[in-house]
Amino acid sequence: MKVGDLVTWQKPWRRGERDAKAYGLVIGTDMMGQLGEKRLWLVVKWFNGKTERAPEWLLASRVRVISESR
């Protein structure tokens with residue numbers, strides 16, 4: 001995943017939720033962590049306006065790219 005990718009995430013189903021899918025856009029990256037252990041974090045802006053920061057490896061395990069940036 002990289003900045004500009006359009007992504008989707010199938011959230012776990014919960015009673016009362018109408019749409020368990022979320023769509024978003026990767027809008028940025030950050031290097032976070034202790035010295036010598038910095039890792040890439042991705043910033044995703046979801047369709048509902050919520051912005052989420054997550055380590056790239058964690059986000060990659062939950063999120064699927066549906067359209068790559070050029």
Side-chain angles (χ1 to χ4, degrees):
M1 278 185 275
K2 58 189 176 298
V3 173
D5 285 353
L6 186 62
V7 295
T8 185
W9 174 35
Q10 182 71 40
K11 296 188 281 186
W13 183 83
R14 290 191 190 138
R15 184 180 301 244
E17 281 189 338
R18 280 183 258 159
D19 189 9
K21 268 195 176 173
Y23 298 91
L25 183 66
V26 180
I27 60 169
T29 60
D30 283 328
M31 292 299 287
M32 297 178 69
Q34 303 294 330
L35 287 175
E37 293 183 9
K38 291 200 178 231
R39 293 193 175 166
L40 182 66
W41 284 50
L42 297 173
V43 183
V44 178
K45 182 153 186 145
W46 296 107
F47 70 101
N48 62 3
K50 180 182 174 188
T51 301
E52 177 181 11
R53 294 174 188 266
E56 181 185 32
W57 62 269
L58 178 62
L59 207 55
S61 70
R62 296 171 27 199
V63 172
R64 185 171 59 96
V65 176
I66 54 176
S67 178
E68 291 186 359
S69 67
R70 294 186 179 183

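Just the heavy atoms: all of them, side chains too, but no hydrogens, waters or symmetry mates, feed the values below.
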Looking at [X] and [Y], what are the two nearest heavy atoms and their distance?
X     : Y     : value
Met1  : Glu56 : O-OE2, 3.9 Å
Ala54 : Leu59 : CB-CD1, 4.0 Å
Glu68 : Asp5  : CA-OD1, 3.2 Å
Val43 : Thr51 : CG1-CG2, 3.4 Å

Same cluster (ILVMFWY, side-chain, under 4.5 Å), [X] and [Y]:
X     : Y     : value
Trp9  : Leu42 : yes
Ile27 : Met31 : no
Trp41 : Leu25 : no
Val65 : Trp46 : yes

Thr8 (side chain) donor-acceptor with Ala22 (main chain) under 3.5 angstrom: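 Such a contact is found between Thr8 side chain and Ala22 backbone.
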Short side-chain to backbone donor-acceptor contact, Asn48 and Lys50, under 3.5 Å: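 Yes, the answer is positive, given that a donor and an acceptor are paired below the 3.5 Å cut-off.
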Test item: Val44 and Val63 side chains (from C-beta on) under 4.5 Å apart, heavy atoms: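 A side-chain contact under 4.5 Å is absent here.
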Residue Arg39 excluded, over 12 heavy atoms near CZ under 6.0 Å: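 Count not over threshold, so no.
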Atom NZ of Lys2: over 12 foreign heavy atoms under 6.0 Å: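 It does: Lys2 NZ has more than 12 such atoms within range.
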Parallel, tilted or perpendicular, as decided by the 30° and 60° cut-offs, for the rings of Tyr23 and Phe47: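 The rings of Phe47 and Tyr23 stand perpendicular, inter-plane angle above 60°.
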